[in-house]
Amino acid sequence: MPKNMSFAILEGIQGEMRRDKFLTLFFEYQRPSARWGDRTINLETEFGRWRARFCAIDEQWIVGGVMGMSMIGVPAIAHIPSMTTFIPYELMFNHAGKLRHMTGGQAAFPMVLWADMQGRQAFQAGQHADAGLESSYARLAGLKVVVPSTPYDAKGLMISAIRDFDPVVFCQYPMPTSGPEVPDKPYTVAIGEAAIRTEGTDITIVGYAPQTAEIAKAVTALKKDGISAEFIDPRMLAPLDGVMQPIIKSVRKTGRLLTSDDGSYSFCNCAEIIARVAEAVPGVKVKRLAFPDAPAPGAPEMLNFMRVDAAKIEAAAKRLIKG
Amino acid sequence: MPKNMSFAILEGIQGEMRRDKFLTLFFEYQRPSARWGDRTINLETEFGRWRARFCAIDEQWIVGGVMGMSMIGVPAIAHIPSMTTFIPYELMFNHAGKLRHMTGGQAAFPMVLWADMQGRQAFQAGQHADAGLESSYARLAGLKVVVPSTPYDAKGLMISAIRDFDPVVFCQYPMPTSGPEVPDKPYTVAIGEAAIRTEGTDITIVGYAPQTAEIAKAVTALKKDGISAEFIDPRMLAPLDGVMQPIIKSVRKTGRLLTSDDGSYSFCNCAEIIARVAEAVPGVKVKRLAFPDAPAPGAPEMLNFMRVDAAKIEAAAKRLIKG
Amino acid sequence: MNERTINREVSSIREDITAKRKAATAAVSRRTFVKRVSAIGAGTAVLSRVPTRPTKAQYGPPHADGLPAQQLTAMFTDMVKIRQWESKIKDLILKGGFRGVAHLYVGQEAVAVGVCSALRKDDYIASNHRGHGHLIAKGGDLKLMLAEITHKAAGYCKGYGGSLHITDVNLGILGMNGIVGASHLFAAGAAYGIKVKGTDQVAVSFGGDGSIQGNFFSSAANSAAAWKLPWIGVIENNAFQIWVRASDVYATPDLAQRAAGYGIEGRVVDGNDVLAVYGVAKQAVEKARSGGGPTLIECKTYRWYDHYGVAGARTGGDGAFGLGYRSDRELRDWMAKDPISRFRKFLVSEKVLTEAGADEITAEVRKAVEEAATFAEAQPVPKPEDGLLHVFAQGAVPLHTA
Amino acid sequence: MNERTINREVSSIREDITAKRKAATAAVSRRTFVKRVSAIGAGTAVLSRVPTRPTKAQYGPPHADGLPAQQLTAMFTDMVKIRQWESKIKDLILKGGFRGVAHLYVGQEAVAVGVCSALRKDDYIASNHRGHGHLIAKGGDLKLMLAEITHKAAGYCKGYGGSLHITDVNLGILGMNGIVGASHLFAAGAAYGIKVKGTDQVAVSFGGDGSIQGNFFSSAANSAAAWKLPWIGVIENNAFQIWVRASDVYATPDLAQRAAGYGIEGRVVDGNDVLAVYGVAKQAVEKARSGGGPTLIECKTYRWYDHYGVAGARTGGDGAFGLGYRSDRELRDWMAKDPISRFRKFLVSEKVLTEAGADEITAEVRKAVEEAATFAEAQPVPKPEDGLLHVFAQGAVPLHTA
Ligand SMILES: Cc1ncc(C[n+]2csc(CCOP(=O)(O)OP(=O)(O)O)c2C)c(N)n1
Ligand SMILES: Cc1ncc(C[n+]2csc(CCOP(=O)(O)OP(=O)(O)O)c2C)c(N)n1
Ligand SMILES: [Mg+2]
Ligand SMILES: [Mg+2]
């Protein structure tokens, strides 16, 4: 059994905490411990209370405290639960994202906002089943935003995020384990590069973390029908310049772009990608699938009707190719 | 001298407060009083302390308090200052936007979040010179977001916002007075309709509040060079379905879309408009002008270099038509 | 007639009814009352008090004096309802295939019932994630609640919201809410709205020990204090925030101490003593109703189950054992202080109830709970396309998945 | 060597220097000291005290006892610097065509200087929108500050930030900040970082009376209390939040009372008495340095100018008159308590300074301020394209306006 995403991330943080004796983690109730096979990670027992600190239900502190620490050169990670994604939004916006610029380069926030994301889960309802919120962070100047889909990417991106001099929002969706094995040693995945998951020639499909499993299924199904889809996982939303290069190259080849999103439709992550493609590749045919502009209902009957799944992706791809 | 936007808005609120004896306004320091010619509006003296309440520096209260009131059927307006746009973001996201849906239609927030917007002003720097933040609200389910450009629209949209059963974010940018005279009597401007400011055939230009003056200048300049631009002011960002109709119709006619934004580039307001147009009008040529993905520097030399102005709009329009 | 006008009409009708009901209750209260209630409560009621603001009643809940037997019985019944309804949910979850989730309230019944018994029907409550008890105490319908937490179309929220979001605006229940602390802010806002309307209603918020930090509590407390709003903040200190002990993240042993900083009266009460809670709540409610401003009430209590779900629990038995973050002995200690047995014993010794009468109430409640479960089970699931409704007051949002 | 390693090296060098400086100061302090300082301060120092936590020094600032003449003179000089520098800014704005904005600090000098005199150079301060005084007291360079508030390339922030955001990380100045309350949260975070680093530094935040509500203060106070962080929150209660009176939005007369709710010691001090402020600050700093945890200090003071800009002010005269929200008499009353004349009188009576000596200091400061103005005036404006830099640590962001 390969390492799952949670273990991979903690392993990445553990390595960095060993490497940097100041690196500190604030969290609320998501204990920083995990087991994989016979290996156990427990950051609280390994690094002690001061460097692995559980906090009150106070995301303003978890994130603002980490910002204050990082301002004096103590790099830190703020881990917040999924229903609180936007409690620190103002802090990230007016401070983490702006102060380096406002101080002419003096203020630095070597911090990571490690945001648990929920995704569209049944029996939870709106407040506990949201997705796609990362685009609100990605629109803020001065922030980097990563959204890994595999344990391998997650560990590598977490380490890159920690080593980065700028504030990074690291979004962790609950994801099925997939992709390459995760090495025990530290390694980095560069911030700013997309991954081509499947190569193809007929249509470009773009989607990330919560949608990757559905897209992968659709790509396989399309193949059976003789359609060759290129599936690109952007892996991050800011900065987007490097990420767009393979997407634009792909669309130049296929002439068609289908995006698929668990987030809501309007102003979503893929809107920006489509807008950039439309500017760069005139004549492109585009189609965007997304959750409606509604909260997620708790009853699975309603929820499933609204979610994008493999069948819907497959059907949309075929329509885009046909008409 | 026609009524300016601030007077027009207060006149709208005054009429509604006379009409509805519960309607209440919370504010911080932006006194709800204004003068125009020999007429004075002062909501504090007219309606008393309970219905026009100055508050501590506590935007969480101003907005959350208004939400609590509106839940028990006391409609209210929360007026917040420009540097605090995102302090109530979580409240609007997880509560105002979601609770009606989560309660199967029971919870209602007949409230207005009246958000002062600053725009890109010199000598202020990042925290006090931001723009385009309305798209972060527009991406949230269950909210309506309006961004008037003229005093006439401002008054009519404020009245519509107050009478609406749903939470409305009303964004007020400091705008030069333009457009039609403002009647003294209450009237509404429907939420969900764009305004065609200038008709034209060669190119469609879309932009709103802080950019409208620059676009208007550019349209005039283009006309001198024989280019007929159609200028559409969306006036609001959510819901966008009705707003898009004239834009799509226009782009079908002109084949070209230029958007212009004082907000930052990535994930901006116009990205959504471009994405919708790209989906609806294959073959369209698009170009997006926007502030870079950076905070606004205080020194005007840097700021002006980064802002979109009439000359840049004119040049981009010409390039789009030529090549 | 638009929605808002309807709301207003409903609330004025409600006020009418309440006034009549109030007059009736007052009459009863003078007819049959229990004498020694206040003496009994004396030893247990106020554990410790915040030193800054002396209140008149140093000891005991004088308002429990004069409580009619009928109301005492109703309080007992409500506590049993909460216990039985939640135990049913627990059993259903343990059985497997349950269409929902739950944060069980069992063990804290005295708080919900003590507070809500001091309220009128037209008073407001704002609840949190652990709110089934608050709702039942405020009159929530067991059937509609069960249908809701199993996401059926007949549920309170038509299946959209589920366990964490049950709401009944007609009962003044502004809703459970999944965001910790939000209840306080909304109740304080409602309290402001009450001032604007000019009624003598009050608004109560329930929150855990975890709810006094974060963004919302401070805004509620400061505003309620500054303008003497009819707000009562109830803090159910059950020692834990999931598995984090309150004492590890707060420097003061009494959370009610936070009140003093805002200029609010803070009270600490034994949250397992329903009459003690009632007494303190009643004082706070009367003060708020008559323009005297807010109170913060900390109720020391304990939850018998895990934060969420049924880990460590078993069918037909109370309590969740073997949880890593607390000792079984600590739980047993608190179970020995069971607010229901304690109150039952008192009622029997006071001859308000006989043992047989108490058993009968329990059996009746159990029957009602079974009926609720049968009802919920039989209800249809929501229609898929209804997910697009209720985003706005009117219309459906477009579907973008095709 | 990456940026972070550099930061660390710089800070360890800084600690070294400070240790040496500290030893030197201690030596001086034992040589020349002023005797009656503590007695003088006694009547004025502690206006009222929060009742929950008694501190040892009921009256007076014992730490001012033993202050060397040299330090007293330095404190006087710093106060004059703030007054003169800001008065220059005021004159420049009144003249017209000023490339910037300002929230003037004049009238509150005793707070900044009293607090910062109790700090080491390697201690941190986080400041707010009215922060020029804090920065000057912490050692900020008058030239670089003036260049910054006129948005010149040579300014502290290269012209990006201007008045509200001046920062000097080398002086431990974590920056002015335009968002009310943020200073408290960042200083508390820095205080946590100090614990991680294991140094004996402290972190002080300055905020107005408006800064105790809103999102940030509560998080700072609770965390500092829970883990005894070396945080000192300084509340400059100048009675107004723009034009809103603090007493209209808070229910308690003393804002330091809020400390009690978190289990923090709260102190109230005459904010126009520099020695009183120093005394209370010194105690708080020593406590924090030795692991005793946080203190909240409320300084009662008054700003002589309008919230922002120069309405009601005139060249060559102090104070802003005719503002709608306050009476001129109230202002004159406070101007009569001018912290600078008061301290000057004391120093002269104590023979620390002669009248001539004090005049000389004032003249020298005036000269330095004129030089700063000339310097700033002569500096070039930033290059337009530099606006694209410093968004991230490396590189420039793309321009999207063409
Ligand atoms: C703002 C916020 N932060 C975190 C959570 C996750 N969460 C849900 S319940 C809970 C614990 C609440 O503890 P407490 O307030 O003491 O209530 P209890 O569960 O003990 O009844 C947490 C942390 C949340 N729902 N909202
Ligand atoms: C969170 C936030 N809300 C509002 C403002 C606007 N604002 C700037 S300064 C100020 C008044 C601050 O009052 P106080 O804290 O007492 O400081 P003072 O100006 O009196 O020194 C306000 C409301 C802001 N900058 N930040
Ligand atoms: Mg708890
Ligand atoms: Mg003030």
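Lettering of chains follows the sequences in order, A, B, ..., and the numbering in each one begins at 1. These numbers come from the heavy atoms of this one structure, side chains and all, not from hydrogens, waters or symmetry mates.
When each of C:L399, C:V101, C:T150, C:D386 is scored by its heavy-atom pairs under 4.5 Å with chain A, the top score falls to C:L399. In terms of non-hydrogen atom pairs under 4.5 Å with chain C, the most contact-rich of A:H128, A:R288, A:R31, A:R307 is A:R31. Between chain A and the options C:G214, C:G162, C:P398, C:S163, heavy-atom pairs under 4.5 Å are most frequent for C:G214. Between chain C and the residues A:N304, A:I313, A:I57, the largest count of heavy-atom pairs under 4.5 Å involves A:I57. Per-residue counts of heavy-atom pairs under 4.5 Å with chain A were compared for C:D248, C:D209, C:L389; the largest is that of C:D248. When each of C:N177, C:L164, C:I212 is checked for heavy-atom pairs under 4.5 Å with chain A, C:N177 comes out on top.
Atom CD in A:Q124 sits 7.5 Å away from atom NE2 in C:H151 (nearest 0.5 Å). Separation of atoms NE2 (C:H400) and CG (A:D261) is listed at 12.0 Å; rounding is to 0.5 Å. Here the NE2 atom belonging to C:H129 is positioned 12.0 Å from the CD atom belonging to A:Q127, to the nearest 0.5 angstrom.
Looking at every heavy atom in both residues, C:V397 comes nearest to A:P292 through CG2-CB, 4.2 Å. The two residues C:W243 and A:E44 come nearest to each other via the heavy atoms CH2-OE2, 4.4 Å. Between A:A125 and C:G161, the shortest heavy-atom distance links the atoms CB-O, 3.4 Å. Taking each heavy atom of C:G387 and A:P297 in turn, the nearest pair found is CA-CG, 4.2 Å. Minimum interatomic distance between C:Q213 and A:A56 (heavy atoms only, all atoms of both residues): CG-CB, 4.1 Å.
C:K383 touches chain A through its backbone: at least one of N, CA, C or O sits under 4.5 Å from a heavy atom, while the side chain does not. If you measure heavy-atom distances from A:E28 to chain C, the contacts under 4.5 Å come from the backbone alone. Contacts of A:A315 with chain C are absent, with no heavy-atom separation under 4.5 Å from either backbone or side chain. With a 4.5 Å cut-off on non-hydrogen atoms, C:I179 touches chain A through its backbone and its side chain both. A:A316 does not touch chain C: none of its heavy atoms, backbone or side chain, sits under 4.5 Å away. With a 4.5 Å cut-off on non-hydrogen atoms, A:E59 does not touch chain C at all. With a 4.5 angstrom heavy-atom cutoff, A:R53 does not touch chain C via any of its atoms.
Within 6.0 Å of atom CD in C:E330, more than 12 heavy atoms from other residues, nucleotides or ligands are found, so the atom counts as buried in its surroundings. Residue A:R35 places its CZ atom among 12 or fewer non-hydrogen atoms of other residues, nucleotides or ligands, all under 6.0 Å distant. Atom CD of C:E385 has more than 12 heavy atoms from other residues, nucleotides or ligands within 6.0 Å.
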Discussion item. For C:Y160 and A:M302: C-alpha separation, side-chain torsions, deciding distance, then whether side-chain contact (heavy atoms from CB on, under 4.5 Å) applies.
Written reply: CA-CA 8 Å; C:Y160 290 70; A:M302 298 193 275; 3.8 Å; yes

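Side-chain atoms of A:P300 and C:R99, non-hydrogen and from C-beta on, do get closer than 4.5 Å to each other. The side-chain heavy atoms of C:V391 and A:D293, taken from C-beta on, include no pair separated by under 4.5 Å.
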